[in-house]
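Structure record follows, encoded as structure tokens.
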Amino acid sequence: MSRRRQIYEGKAKILYEGPEPGTLIQYFKDDATAFNAQKRGTISGKGVLNNRISEHIFTLLGQIGVPTHFIRRLNMREQLIRQVEIIPIEVVVRNVAAGTLSQRLGIEEGTQLPRTIIEYYYKDDALGDPMVADEHIACFGWASQEEMNDIADMAVRVNDFLCGLFAAIHIRLVDFKLEFGRLWENDYARTILADEISPDGCRLWDMTTNEKLDKDRFRRDLGGEAEAYQEVARRLGLLPEGEGNMVLDLDQHRQRRGK
Ligand code: TMP
Ligand code: ASP
């Protein structure tokens, strides 16, 4: 990995220069953070699972016509992506009350929302990613009105698709976070889906037991986070029965050998 030029290191991923202009390699780490990195840890095998899960979801979204940065998976922890200029807005879509929505408004976690809510957060670690309104985004020029229209349309399409995808494997999609980027073609920027979609940025509850199958297990010290991510991958058909541990064992072996 050190052979390549590192472009950016985030909390859960590293971006390296890609093989061709306009491409990057996205490397998925096992590192986990919460509460703006005040809590830190690792979830063994998370990078491998998120790489596969995000590949699967972005591929399906591409097939229904949602443009994404994903090109192809390269190996267990890396995927080739299109280089975009990240729009500094985190888009949170909520179907069921949980997390900060419940805390802020006193709505019991698990309450089905009568309509889907889309929220925007300004991506700025120093400010702790504050929630902002369309007015702030327009006023400070973080995204154009046209980009915000495209983002809202895509967020709704992604939500409808993912709710069905997860319902089919008996998982309730409570909420999730999306990021978008500008893909420059000459002087024109197209808005496409970027970053990742994985249990790191989604709340996924088993439909019968409400068991949490996402990063809340880490945020809330519930334990069993690696098993929860594996369960999501398994239900999506990405870790055939019995093979799950083999894939992750192989990765552990390679990590130890420093490859
Ligand atoms: P919240 O309830 O903490 O605001 O989170 C809403 C959703 O957004 C939840 O699925 C987790 C995800 N999320 C991220 O992916 N990154 C973040 O930095 C935060 C705060 C939330
Ligand atoms: N983005 C958060 C952090 O900065 C992680 C989270 O709560 O999802 O640590």
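Every number for a ligand or one of its atoms is a count from 1 in the order of the listing. Side chains are part of it too, since the values below use all heavy atoms of this structure and drop only hydrogens, waters and symmetry mates.
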For [Y], is there an ion pair with [X] - N to carboxylate O distance below 4.0 angstrom?
X: Arg217; Y: Glu225; value: no
X: Lys123; Y: Asp195; value: no
X: Asp216; Y: Arg219; value: yes
X: Asp175; Y: Arg203; value: yes
X: Asp251; Y: Lys46; value: no

- Atom pair OH/CD of Tyr16 and Gln26 - distance to nearest 0.5 Å: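 Here the rounded value is 12.0 Å.
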
- Query: Under 3.5 Å, is there a donor-acceptor pair linking the side chains of Asn95 and Asn159?
  - Reply: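 Distance-only check passes for Asn95 and Asn159.
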
- Message: Testing the 3.5 Å rule here: is there a donor-acceptor pair between the side chains of Arg182 and Ser144?
- Response: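 No pair is found: no donor N or O on one side chain lies under 3.5 Å from an acceptor on the other.
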
Taking [atom] as the reference point, the nearest protein heavy atom with its distance:
atom: atom 8 (O) of ligand 1; result: Lys177 CB, 3.6 Å
atom: atom 18 (O) of ligand 1; result: Glu90 OE1, 3.8 Å
atom: atom 1 (P) of ligand 1; result: Thr100 OG1, 3.3 Å
atom: atom 6 (C) of ligand 1; result: Arg203 NH1, 3.6 Å

Quick one: which ligand 1 atoms are inside 4.0 Å of a heavy atom on [X]?
X: Gly99; result: 2 (O)
X: Val92; result: 6 (C), 8 (O)
X: Phe176; result: 10 (O)
X: Gly201; result: 10 (O), 12 (C), 15 (O)
X: Cys202; result: 10 (O)

Report each N/O pair between ligand 2 and the protein that falls under 3.5 Å, naming both atoms.
{"residue": "ligand 2", "atom": "4 (O)", "partner": "Lys11", "partner atom": "NZ", "Å": "2.5"}
{"residue": "ligand 2", "atom": "4 (O)", "partner": "Asn36", "partner atom": "N", "Å": "3.3"}
{"residue": "ligand 2", "atom": "4 (O)", "partner": "Ala37", "partner atom": "N", "Å": "3.4"}
{"residue": "ligand 2", "atom": "7 (O)", "partner": "Arg219", "partner atom": "NE", "Å": "2.9"}
{"residue": "ligand 2", "atom": "8 (O)", "partner": "Lys215", "partner atom": "NZ", "Å": "3.1"}
{"residue": "ligand 2", "atom": "8 (O)", "partner": "Arg219", "partner atom": "NH2", "Å": "2.8"}
{"residue": "ligand 2", "atom": "9 (O)", "partner": "Thr33", "partner atom": "OG1", "Å": "2.7"}
{"residue": "ligand 2", "atom": "9 (O)", "partner": "Ala34", "partner atom": "N", "Å": "3.1"}
{"residue": "ligand 2", "atom": "9 (O)", "partner": "Asn36", "partner atom": "N", "Å": "3.4"}
{"residue": "ligand 2", "atom": "9 (O)", "partner": "Ala37", "partner atom": "N", "Å": "3.0"}

Report yes or no: does a heavy atom of [X] sit under 4.0 Å from some atom of ligand 1?
X: Arg219; answer: yes
X: Lys215; answer: no
X: Gln103; answer: no

- At a non-hydrogen distance cut-off of under 4.0 Å, which region of Asp175 contacts ligand 1 (side chain, backbone, both, or neither)?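 For Asp175, the contact with ligand 1 is made by both the backbone and the side chain.
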
- Check against side chain to side chain donor-acceptor pair (under 3.5 Å), Ser102 and Arg94: CA-CA 11 Å; Ser102 293; Arg94 299 182 188 269; over 6 Å; no

- Item | atom 21 (C) of ligand 1 touched by protein heavy atom at under 4.0 Å |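 Flag for atom 21 (C) of ligand 1 set to false, no protein heavy atom closer than 4.0 Å.
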
- Message: Once salt bridge (charged side-chain N to carboxylate O under 4.0 Å, His left out) is applied, do any residues pair with Glu185, and if so which ones, sequence neighbours excluded?
- Response: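 Result, salt bridge (charged side-chain N to carboxylate O under 4.0 Å, His left out) vs Glu185: Arg190.
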
- Query: Does Ile192 sit in a hydrophobic cluster with other residues, and if so which ones, taking ILVMFWY side chains as linked at heavy-atom separations under 4.5 Å, directly or through other members?
  - Reply: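 Members besides Ile192, by chain and number: Val84, Ile86, Leu183.
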
- For Arg52, side chain to side chain donor-acceptor pair (under 3.5 Å) partners two or more places apart: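 Testing Arg52 for side chain to side chain donor-acceptor pair (under 3.5 Å), a comparison that skips the adjacent residues, returns Glu55.
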
- Pick one: which of Ile53, Asn50, Ile57 meets side chain to side chain contact (heavy atoms under 4.5 Å, CB included) with Glu196?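 One option only clears the test, and that one is Asn50.
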
